[in-house]
There are 2 protein chains.
Amino acid sequence: MNFNQLKFVREASRQDFNLTEVANAVFVTQSGVSRKIKELEDELGVEIFQRRGKRLTGLTEPGKQLLPVVERILLDAENLRRMAEQFAREDVGRLDVATTHTQARYALVPIIKTFRARFPKVHLALHQGNPNQVADMVGQGEADIAIATEALDAHPALVTFPGYRWHHCVIVPAGHDLERASKLTLEMLAEYPIVTYDPQFTGRSHIDKAFAAKGLAPDVVITAMDADVIKTYVDAGFGIGIVASIAFDRARDQHLRQLESGHLFEANTTKLGVRKGAYLRNFALEFIHLFTPELERAKIQSTLKKYLANRDL
Amino acid sequence: MNFNQLKFVREASRQDFNLTEVANAVFVTQSGVSRKIKELEDELGVEIFQRRGKRLTGLTEPGKQLLPVVERILLDAENLRRMAEQFAREDVGRLDVATTHTQARYALVPIIKTFRARFPKVHLALHQGNPNQVADMVGQGEADIAIATEALDAHPALVTFPGYRWHHCVIVPAGHDLERASKLTLEMLAEYPIVTYDPQFTGRSHIDKAFAAKGLAPDVVITAMDADVIKTYVDAGFGIGIVASIAFDRARDQHLRQLESGHLFEANTTKLGVRKGAYLRNFALEFIHLFTPELERAKIQSTLKKYLANRDL
DNA sequence: TATCCTTACGGAATTCGTAAGCATG
DNA sequence: CATGCTTACGAATTCCGTAAGGATA
């Protein structure tokens, strides 16, 4: 039994049991993967993968039981490396943050600025995706930290911490009728074509919920994954926009006006998620602390340690 | 990083950091061990072991943090093998039971008889030792199941299940004065020289505690690790004996008489312990069930699973 | 027929024991 | 000086990519 065999098994389960894909993903030849997997199956005396003829089609019953343990071993192996690096080069390393456009473009900017100043030797990589992709990236160990408003809590492999709360706002072209409204209502918004986020993104679920609760069917004419695109279409006169208020910048968005709508939509909480059982470097803990300043560091650490060490050796 | 490197590291911590001993324990040459450990340290970029000149003297700070993870990886690797074997050869395998003389010689006999009939293809190995040794054997993965009355709860790596309760009894040579006593008291026992268990064994602590509570200083003239030896000396007239009542056999011990003393000493509970986080074969679970018949099997399984799977992958 | 897995072959890389060297207590 | 660790060397083993073969959809 060796780590490569285990790695191939895990990767096979991730690559839909296509060993050719596994080979590409781990940069070896397909024949090598095939051989190593068979070696492991021979050593253990059970077939891990179900086969139809020569193709792998899924996990066998033993395979289903073994896979979680395989994943745990590989995670621990990774943990060993990180723990060692923490000692070897305390403030040097790499932090992979998976997040959505909105967070990367607006909310994380000051946090990252502070982080960079504090840890100039840490290479910080931002990975963008929709909230589900963001969660998966961390769930699979491709990134260390996930930041998004949606989807993180639903991922079984993640622990989450609440970050900042924010509201949506309405944006309109300068001179729009709604600018003169004293207080916005959902009924008023429903009168106009709306440009807002894609269903998976940035609190869109709260927008839909608010309209649905009043029995309104808003006329959403364009959806996009980020506020920059939305603002572009609002500016071009396609309708009024609903975006995260943090995405509006009076200086930059001179043709647009921001209307308060905190009373219309439920507040959103942006969350941070990390993989259960994963060891985090010191600078990663510091990043989490920057994101959730009200949580003291010891609390963060003890929560993570619970998952890392709770097997009571 | 490979499993042998990790194995050598673990073994070094067990063999008091003597790599020559490690080499003997794992059947390779000392130079190989030395090299592999250095390889791992180089790869991780930290020294795991503290060195004075060329000798290893202990773990470094990083080493202390890494070791538990190393142990966990190796335990999981072993778990993989067992899980696979469980599927490959359902009722074939090996069960290593570590226990004390008293349990092996008396209490376990019927359990093992039933077990053997149910699993004729399982090789059952009994390892004897004192309760601390028994606990350690399981703690280190040398045995699967520990059975003893003492010490198991104190071992941090073990989960324990309560088995049967039993009492001590007093044994005397036929015709002894005490045979005519209507009801034994500790004061009466303290009048005679006593032959009983070694301090670590078989509920001896309860015996001492009972005398101490009354301020009595019993005259323990001979101690032994098992009832057979004790009975021999009682028979030879060295004193009265205090042994587990299960160890008295009227037919075999014709020259001796058993006197009830359940009211004098606290009852003992023999416990069974297994290593936290270790996967147990089906027949091992069955063995536990035979030992604790009142606990239903599902309860046992869920307790063990808690430790095996509680990292929520 | 295109895709995917297995297997034989052989060069390359790794592994591991022997033996010599050196440090410690 | 006995014990214990490191290192150089070289034989043995293992690894892994190429390429051919066979199975599936």
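Proteins come first, then strands; the chains are lettered A, B, ... in the order of their sequence lines, and each starts at number 1. Note that the structure is a prediction, hence the values are computed from the model and not measured.
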Just checking Phe115(B) against Phe119(B), ring centres under 6.0 Å apart? yes
Check: dT3(D) base within 3.5 Å donor-acceptor of Arg55(B) side chain: yes
Taking the basic N atoms (NZ, or NE/NH1/NH2) and the acidic carboxylate oxygens, is any pair closer than 4.0 Å for Asp76(A) and Arg72(B)? yes
Within residues 15-25 of chain A, find the residues that approach DNA chain C with a heavy atom at under 4.0 Å, and present them sorted by residue number. Phe17(A), Asn18(A), Leu19(A), Thr20(A)
Taking atom types as they are modelled, is there a donor-acceptor pair under 3.5 Å from the base of dT24(D) to the side chain of Arg52(A)? no
What does Gly53(B) touch in the nucleic acid at a heavy-atom separation under 4.0 angstrom: a base, only the sugar-phosphate, or nothing? sugar-phosphate
Is there a side-chain polar atom (N or O) of Thr29(A) under 4.0 Å from OP1 or OP2 of dG17(D)? yes
What is the distance from CD of Gln30(A) to C1' of dT6(C), rounded to the nearest Å? 8 Å
Between P of dC5(C) and CD of Glu11(A), the distance in whole Å: 14 Å
Phosphate OP1/OP2 of dT7(D) contacted by Lys38(B) side-chain N/O (<4.0 Å): yes
For Asp226(B), run the side chain to side chain contact (heavy atoms under 4.5 Å, CB included) check against His101(B), Gln128(B), Arg105(B) and tell me which one passes. His101(B)
Measure NZ/Lys36(B) against C1'/dC16(C) and give the value in whole Å, please. 8 Å
Of the candidates dC5(C), dG4(D), dT7(C), the side chain of Lys54(B) sits closest to dG4(D)
Can you tell me if the side-chain N/O atoms of Arg51(A) get under 4.0 Å from OP1 or OP2 in dT6(C)? yes
Classify the side-chain pair Glu39(A)/Gln5(A) by whether it contains a donor and acceptor separated by less than 3.5 Å. yes
Atom CD of Gln5(A) and atom C1' of dC16(D): how far apart are they, to the nearest Å? 13 Å
